[in-house]
2 protein chains.
Amino acid sequence: MSLAPVEEEQFAGGNLVSTAIGAITQHIRTNELGPGDRLPSEATLSKELSVSRSVVREAFRSLATMRLIDLNVGKRATVAQLDHGAMSLMIEHGVHTAQININQVYDVRRTIEMRTSTLAALRRTDAEARIILDHARAMETNFADADKVMESDLAFHLEIARASKNPIFSIIVGAFQGVSRQTWPIGWRSRASDAERHAMNRIHIDLAEAILAGDPQAASQLMARHFDESAKALLAAGIA
Amino acid sequence: MSLAPVEEEQFAGGNLVSTAIGAITQHIRTNELGPGDRLPSEATLSKELSVSRSVVREAFRSLATMRLIDLNVGKRATVAQLDHGAMSLMIEHGVHTAQININQVYDVRRTIEMRTSTLAALRRTDAEARIILDHARAMETNFADADKVMESDLAFHLEIARASKNPIFSIIVGAFQGVSRQTWPIGWRSRASDAERHAMNRIHIDLAEAILAGDPQAASQLMARHFDESAKALLAAGIA
DNA sequence: TTGATAAAACCTGTCGGACAGGTTGAATTG
DNA sequence: CAATTCAACCTGTCCGACAGGTTTTATCAA
């Protein structure tokens, strides 16, 4: 329950905040805290670590930004549920600072999502299969409204990741949503005709049906085809 | 160059720190800053955003913890290079709070690394191929010292990711290193005999040679076999 | 003019204190 | 015993201060 003084922490990163972060994560582990469990107050940690409240605050805030903990006014900090927020920021930062390009994002997504569609076909509940199919159909229903099509598309991919029952996949797929929102309209516009756009929606529906039918092979193949086609569309738009 | 006052920021997350974080990332984007470029000082941002220095500090610290920026005493903050630090913390947090289990980690790694080995076989430089092979051989050379074997193993996988020339893969593979360090000894011990351990090393060498030979198919197959075998070893140890 | 040196200005890390609200739990009261 | 009230906590934000480390400027000598 008690935390070791700063001097004994192995998490040293030169500054006190790093050690505080180490102490807090250590606290979570040694006490086997889970999502929702409450952490010590800033004042308590401040005393136990012999550092100022500012240091503890910066540590807390850092962990909150990474979504490891939740902060609320008046309430104590709590252990947070996994969330793609931190990874989203990271990916977007990489793209905006020219350290990552769109093709690389597509390659990762293709790799990951071929797997999520396989797993979804094997593990999805009936309810999940229905939701996935609904999203696919919504894309066709709202064909005229590109924004709605995009949101359904994103929801479709995320729901497949959820149905894979592996939270890491959900996080990764979720992390790319921000970037995808920026490139999606380009791909949509760059398709030569409405026929091609309908064809894309068709693949989504076929994929949803493969998952509903519990056919992992077909699901995976369709996902691959979807990405290959999208990459081609993006290439046509000059994103290479 | 100038930052909008807090009131106009769309990044609102209820607290001022979130808006400051938004303003800073926005600044990086609109000014197209890249790794190494300097950011405004805390005092400057404090004035421009009309918030206290504490708020700016928490924002900076948060971004530094996520490795989006680098902080140094006396120096101004700079844009950072991509790094798996943040994702590592996230994954470890997920594992320690029972939101992620080891099988899920293995599934993601298998999925990702089948791809990195494919790409490495296609894109590796000769120097990279040699380094990968060296790591594989080091595992056999240091057979008696499990710790050294492990470090070579980890370096082997990370180098393959690097050779894939997609930084996102490097980040993801790197992010799992912390967790792997904890499970690796279990897998090593759980193998029935030294013969099995040598067999595992053999796969690594074969894989390195497939990458050197530029055979993506073989590389990918060997990586898959490696993970299937490791999963079996872990299963034998009761990690399921 | 130029190049080295010293000083000033700037910057971050940490501390302490202060106050406005929001939250929680305990004492009080009906 | 239940509802209410109040005191104790707690977080969000601000301000001021000071110890070092860093960068720029100014000075001075060659």
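Below, chain A is the first sequence line, B the second, and so on; all start at residue 1.
Both R38(B) and S54(B) sit near DNA chain D, but only S54(B) has its closest nucleotide nearer the 5' end.
One side chain, S180(A) or R109(A), offers a donor N or O that lies under 3.5 Å from an acceptor on the other. In this model, no donor atom of one side chain and acceptor atom of the other lie less than 3.5 Å apart for H135(A) and E159(A).
With hydrogens and angles disregarded, no donor-acceptor distance shorter than 3.5 Å links the side chain of R53(B) to the backbone of A43(B). Q99(A) places no side-chain N or O within donor-acceptor distance of the main-chain N or O of G34(B), the cut-off being under 3.5 Å.
Residue Q104(A) places its CD atom among more than 12 non-hydrogen atoms of other residues, nucleotides or ligands, all under 6.0 Å distant. Within 6.0 Å of the CD atom in E151(A), the count of heavy atoms belonging to other residues, nucleotides or ligands exceeds 12.
Phosphate proximity of dT14(C) to R61(B): present, with a side-chain N or O under 4.0 Å from OP1 or OP2.
Comment: E92(B) engages R29(A) in a salt bridge, judged by a side-chain N to carboxylate O separation of less than 4.0 angstrom.
For DNA chain D, the outermost nucleotides in 5' to 3' order that have an atom under 4.0 Å from a heavy atom of chain A are dC10(D) to dT13(D).
Within residues 63-83 of chain B, the residues approached by DNA chain C to less than 4.0 Å at the level of any non-hydrogen atom are L71(B), N72(B), V73(B), G74(B), K75(B), R76(B), in residue-number order.
For the pair T25(B) and L63(B), the minimum side-chain heavy-atom distance is below 4.5 Å.
The distance from atom CD of E42(B) to atom P of dT14(C) is 11 Å, rounded to the nearest whole Å.
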